[in-house]
Protein chains: 2
Amino acid sequence: MGLHLITAMNALSEPNRFQIVELLRDGPLTVGEIAVKLGMLQPQTSKHLRVLNKAGIVKVEASANKRIYHLQQEPFQDIDAWLGSFRQLWNDRFDRLEDYLKQMQENENNN
Amino acid sequence: MGLHLITAMNALSEPNRFQIVELLRDGPLTVGEIAVKLGMLQPQTSKHLRVLNKAGIVKVEASANKRIYHLQQEPFQDIDAWLGSFRQLWNDRFDRLEDYLKQMQENENNN
DNA sequence: TCAGAATATTCCTGTAAAGGAATATTAGTG
DNA sequence: CACTAATATTCCTTTACAGGAATATTCTGA
């Protein structure tokens, strides 16, 4: 468990790759388009896309001699699911805080 | 924007640090307790906690000569907020797919 | 103040990964 | 079959970072 998560977050925690992901939210793009829009060289763009691809964050679609990259949902859903358990945690803690405050209130009234 | 995110994800994308975070979900722990529970040496534990601390993921509370580390919500909320925009994206795409299918259905009926 | 426990820091070393430059690959076109 | 465009890969160098071992720091209690 958690291995996909770590791989995905590792891939996303590189500024250029993060930017690529942000860019691809507006829709699929070719390597050249990404490189131009982000002001990076083509080889590094390809290399970063390779990492993103291995992490399952993007997928490629070949069209002639162009390669069109687009986002993939799964890794984001994985991260989201993991964060979900944290939301649960914070909510539980908040509930206990409420109970505590309520308890204090009642004790106050019994004086 | 996004810089905190990248820092947080980078900190989380190291297996040992990820484990530390998972462990701290059950409540605050001292360095020694973390080291024992995860079978790692104290110095490396301290070093990883330093990284997590700088990323805002954990905070320290001094108690005598012990240091008690506990999770912090903010980074997780940041990641969650970022993912939120993706949820929006997927939903929009799904809506458009529904529209498309509905359109096809209608065209089918008009033949 | 000294001893010991808990933690932090430093130094060293090995390794993974990123950028630059050059080159290889693949597909379309005349 | 050249020729070109688009992309991928390789090689090299540099840098960041993790682990190990040793040492420094901080706090407590006698």
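Lettering follows sequence order; numbering is per chain, from 1.
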Peer 1: Counting only non-hydrogen atoms, which of residues 43-62 of chain B are less than 4.0 Å from DNA chain D?
Peer 2: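 Under 4.0 Å from DNA chain D: B:P43, B:Q44, B:K47, B:H48.
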
Peer 1: Which heavy-atom pair separates A:L71 from A:V21 by the least distance, and what is that distance?
Peer 2: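 For A:L71 and A:V21, the tightest heavy-atom pair comes out as CD1-O, 3.9 Å.
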
Peer 1: Assign the ring pair A:F76 / B:F86 to parallel, tilted or perpendicular, where the plane angle (0 to 90°) is split at 30° and 60°.
Peer 2: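 Correct class here is parallel.
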
Peer 1: Quick one: on DNA chain C, does A:R17 or B:E33 contact a more 5' nucleotide (nearest heavy atom)?
Peer 2: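 So the residue in question is B:E33.
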
Peer 1: Kindly say if A:N16 contacts the phosphate of C:dG19, meaning a side-chain N or O under 4.0 Å from OP1 or OP2.
Peer 2: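 So the side chain of A:N16 is within the cut-off, an N or O lying under 4.0 Å from OP1 or OP2 of C:dG19.
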
Peer 1: Rounded to whole angstrom units, what separation is found between the CG atom of A:N10 and the C1' atom of C:dA17?
Peer 2: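 It is 10 Å, rounded to the nearest whole Å.
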
Peer 1: Nearest whole angstrom, please: distance from the C1' of C:dA27 to the CG of A:N65.
Peer 2: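 Between C1' of C:dA27 and CG of A:N65: 5 Å.
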
Peer 1: Report yes or no: do A:V31 and A:I68 belong to one cluster of Ile/Leu/Val/Met/Phe/Trp/Tyr joined by side chain heavy-atom distances under 4.5 Å?
Peer 2: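 No, it is not one cluster - the side chains of A:V31 and A:I68 are not joined through contacts under 4.5 Å.
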
Peer 1: Would you say A:M40 ends up clustered with A:L52 if hydrophobic residues are merged whenever their side chains have heavy atoms under 4.5 Å apart, either directly or through other cluster members?
Peer 2: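 In one cluster: yes.
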
Peer 1: Give a yes or no on whether A:V51 and A:L24 share a hydrophobic cluster (residues Ile, Leu, Val, Met, Phe, Trp, Tyr; joining criterion: side-chain heavy atoms under 4.5 Å apart).
Peer 2: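 No, A:V51 and A:L24 fall in different hydrophobic clusters.
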
Peer 1: Please identify the 5'-most and 3'-most nucleotides of DNA chain D with any atom under 4.0 angstrom from a heavy atom of chain B.
Peer 2: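 With heavy atoms of chain B under 4.0 Å away, the range is D:dA18 to D:dT28.
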
Peer 1: For the hydrophobic clusters of this structure (ILVMFWY residues joined by side-chain heavy atoms under 4.5 Å, transitively), does one cluster hold both B:V36 and B:L29?
Peer 2: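 No.
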
Peer 1: Given the rule in the side-chain contact (heavy atoms from CB on, under 4.5 Å) test, do A:Y69 and A:L23 qualify, once you have shown the distances and angles that lead to the verdict?
Peer 2: CA-CA 11 Å; A:Y69 284 84; A:L23 190 57; over 6 Å; no

Peer 1: Between A:L41 and A:T45, what is the shortest heavy-atom contact and its length?
Peer 2: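 The answer is O-OG1, 2.6 Å.
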
Peer 1: Specify the separation, in whole Å, of atom CZ of B:R67 and atom P of C:dA5.
Peer 2: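 To the nearest whole Å, that distance equals 18 Å.
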
Peer 1: Using atom CD of A:Q19 as one end and atom P of C:dG19 as the other, report the distance to the nearest whole Å.
Peer 2: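 Nearest whole value for this atom pair: 11 Å.
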
Peer 1: May I have the distance from A:I20 (atom CD1) to C:dG19 (atom C1'), rounded to whole angstrom?
Peer 2: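 In whole Å, C:dG19 C1' and A:I20 CD1 are 14 Å from each other.
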
